[in-house]
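Every number for a ligand or one of its atoms is a count from 1 in the order of the listing.
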Amino acid sequence: MPNPDDKLLLKAVRREAVPRRPLWIMRQAGRYLPEYRELRKKHSFKALAGEPELAAEVTLMPLARFPLDAAIVFADIMSPMPSLGVEFDFDPGPVVANPIRDAAAVARLRSPARAEIAPEVIAALELTRAALPKTTALLGFCGAPWTLAAYLVEGKGAKDFPTLRAFAAAQPELLDALLARLTSVMGEYLLAQAAAGADAVQIFDSWAGLLSRASWERLIRPHLTALLTTVGRAGVPRILFLQNAPHLMEAYASLPAEVLGVDWRIDLPELALRHPDRAVQGNLEPAILTAGADATRAAARALLADTPARGHIVNLGHGILPETPLASVEALVEAVHLEAL
Ligand code: CP3
């Protein structure tokens, strides 16, 4: 008997047959939505993400407009940082008050108890789960240790993160200690999110591509493996997202995650064929949506035609751009819903 509570997204994660492919959009609760921009006039991003009722309201905004198959909790990869004792603000990306560049700064990082890690995000997940239809998946997330370290060491977003790369080259043991601390806190955080109702979690490694494969193997692999193993042992489905790192695709594909989330630089049909045991997520180029509904429809249809349906979660290759017309999102939804499987 089909279970009416079955979530399309989880069926795709398990590579089961689906009546149609599931769809969600990275940064779906963001500035392309007029109702989000309206609310942002009254509250800073930090205030919105810091107040569970408001965060849950924003999380649900895109679902009121579009029949998406997942909600992703409205928070930021930096949300757990206060629990480690790291002060930061947004301008518009994260800006860290005291960048971490020496042993004393790493030693000063706190080791929070699970309940101390972004409790406002956990509360927002609980509120969202209670309001969501049972058939809609709720996603939790965190930043990958390396992508978090990028902001902590560089102090802010920067083209190619030169301070971070110099730090990684000059002080690999210190980077290792920093990544180990982040890995342990993110493991606790994701388990708390699952306990609060997240059906699956996405680990965002947005700045994965900065290192060579050899450096990645030495510096990053052990930590990502540890984080994914902690989450997998608890039975929580894992979506691993990498960005701008085609040279690391095979390395990421060898890690324990049910779903490989990739940007538009990766040939998704080829990835799916090469890894028949994995689900794949992605990977429309977000800029195509800014070109309008017709361009979006054509690109979406091509993606669906080329990528095997089983185990495919439709998404963009990176976050939706603020200037995206709503009609483009409608065209994407329609292309996915009208596909005959
Ligand atoms: O996807 C979602 O809808 C959930 C919410 C979410 C946000 N940030 C909200 C946000 C998620 C999953 C993130 C993850 C995030 N944050 C990543 C990984 C994904 C990626 O985009 O690569 C990174 C690198 C960050 C760091 C960050 N936070 C940046 C670079 C910025 C500024 C630039 C931007 O895209 O706006 C932020 C701020 C931020 N995080 C906003 C939102 C909605 C914009 C806030 C605003 O001004 O209203």
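When only modelled atom types and interatomic distance are considered, Arg297 and Ser328 share no side-chain donor-acceptor pair under 3.5 Å. A donor-acceptor pair shorter than 3.5 Å cannot be found between the side chains of Ser206 and Gln243.
Classified by interplanar angle (parallel below 30°, tilted 30° to 60°, perpendicular above 60°), the ring pair Phe161/Tyr151 is perpendicular.
Checked options Gln171, His223, Arg218, Arg181; the residue passing with Asp176 is His223 (criterion: side-chain hydrogen bond (donor to acceptor under 3.5 Å, both in side chains)).
For ligand 1, residues of the protein lying within 4.0 angstrom by heavy-atom distance are Met26, Arg27, Gln28, Ala29, Arg31, Tyr36, Arg40, Phe45, Ile72, Val73, Phe74, Ala75, Asp76, Ile77, Phe90, Pro92, Gly93, Pro94, Phe141, Tyr151, Phe204, Ser206, His318.
Salt bridge annotation for Asp199-Lys7: present, with a cationic side-chain nitrogen under 4.0 angstrom from a carboxylate oxygen. A salt bridge links Asp69 with Arg20; the closest basic N to acidic carboxylate O contact falls under 4.0 Å.
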